[in-house]
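A short worksheet on the structure shown next.
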Amino acid sequence: MKIWSSEHVFGHPWDTVIKAAMRKYPNPMNPCVVGVDVLDRSLDNQGRLHSHRLLSTEWGLPSIVKAILGTSRTLTYIEEHSVVDPVEKKMELCSTNITLTNLVSVDERLVYTPHPENPEKTVLTQEAIITVKGISLSSYLESLMANTISSNARKGWDAIEWIIQNSESALS
């Protein structure tokens, strides 16, 4: 098991970042997400927005990793649950892969909150737990996947910035 974590500060208010995060895919920074389907979306009696989405992703696995995993499959599906609480100003998003779970599991959690010292900024904390199962070199693969998650996190931050910059009027 490998645990990866990160913190990023956006120079935008929480409302703006959350609107962009909800519209994050598709984007040119992370073309591996090839589809997003909303399975369920509802408001609870406290005004929190609950979303359940299915993301179709194209994992660009290096051939060595495909050989170690014993699969040529690169189209994978990720289940994502999020809760946006506009009163507490908190968005929590949890995702897990539902493809190749017999070989690898990636459980990711993102939390967006206003910066504690500057309400014009937003803090994103991310963590992922990566587990490769029943394969030799699992520690190597977990580290490789942690590096990929780190790279994809940066792409995700850039995507949110891109959405904000390219649709200011739509996010107002």
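Between the side chain of N30 and the backbone N or O of G156, no donor-acceptor pair lies under 3.5 Å. The backbone N or O of S139 sits less than 3.5 Å from a side-chain atom of S143, completing a donor-acceptor pair. Distance alone, capped at 3.5 Å, places no donor-acceptor pair between the D37 side chain and the L39 backbone. Within the 3.5 Å criterion, the main-chain N or O of V132 finds a donor-acceptor partner in the side chain of E142. In this structure, W14 contributes its side chain and Y112 its backbone to a donor-acceptor pair below 3.5 Å.
Atom NZ of K155 has more than 12 heavy atoms from other residues, nucleotides or ligands within 6.0 Å. Residue K121 qualifies as open at atom NZ: its count of foreign heavy atoms under 6.0 Å is 12 or below.
In this structure, T131 OG1 and I3 CD1 are separated by 8.5 Å, a value rounded to the nearest 0.5 Å. To the nearest 0.5 Å, the span separating CZ on R109 from CD1 on I129 amounts to 10.0 Å. Taking CG from L75 and OG1 from T99, the interatomic distance works out to 7.0 Å, rounded to the nearest 0.5 Å. Atom CD in E127 sits 12.0 Å away from atom CD in E7 (nearest 0.5 Å). Distance check: E58 CD to T76 OG1 gives 7.5 Å after rounding to the nearest 0.5 Å. Distance check, rounded to the nearest 0.5 Å: CD1 of I160 to OG1 of T16 gives 11.5 Å.
Transitive grouping of hydrophobic side chains (ILVMFWY, heavy atoms separated by less than 4.5 Å) brings F10 and L110 into a common cluster. Connection of L93 to L49 is established within a shared hydrophobic cluster, with ILVMFWY side chains joined at heavy-atom distances below 4.5 Å, either directly or through further cluster members. Under the 4.5 Å side-chain heavy-atom criterion for Ile, Leu, Val, Met, Phe, Trp and Tyr, L55 and M22 are members of distinct hydrophobic clusters. Linking Ile, Leu, Val, Met, Phe, Trp and Tyr residues whenever their side-chain heavy atoms come within less than 4.5 Å leaves W4 and V111 in two separate clusters. Residues I164 and M91 share a hydrophobic cluster, clusters being chains of Ile/Leu/Val/Met/Phe/Trp/Tyr side chains in contact below 4.5 Å.
Annotation for Y77 and S56: closest pair CE2-OG, 3.2 Å, computed over non-hydrogen atoms. A pairwise comparison of heavy atoms in A128 and I149 identifies CB-CD1, 3.9 Å as the closest pair. In plain terms, the two heavy atoms of P86 and G47 that are nearest each other are CD-O, 3.4 Å. Pairing each heavy atom of N102 with each of K133, the nearest pair is O-CB, 3.8 Å.
Side-chain atoms of V87 and Q46, non-hydrogen and from C-beta on, never get closer than 4.5 Å to each other. Between I98 and L54, the closest side-chain pair of non-hydrogen atoms falls below 4.5 Å. The shortest side-chain heavy-atom distance between I78 and R53 does not fall under the 4.5 Å cut-off. Residues P119 and K89 fail the side-chain proximity criterion, which asks for heavy atoms closer than 4.5 Å. Side-chain atoms of H12 and E161, non-hydrogen and from C-beta on, do get closer than 4.5 Å to each other. A 4.5 Å side-chain heavy-atom check between K90 and R48 finds every atom pair outside the cut-off. Within the 4.5 Å cutoff, no side-chain heavy atoms of M29 are placed close to those of W157. Contact of the V33 side chain with the P26 side chain is not registered, since no non-hydrogen atoms from C-beta on lie closer than 4.5 Å.
Each of R41, H81, E80 was compared with S51 under the side chain to side chain donor-acceptor pair (under 3.5 Å) criterion, and only R41 meets it.
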(request) Before giving the answer on side chain to side chain contact (heavy atoms under 4.5 Å, CB included), spell out for T122 and I18 the whole-Å C-alpha distance, their side-chain angles and the decisive distance to 0.1 Å. (result) CA-CA 9 Å; T122 302; I18 296 312; 5.5 Å; no
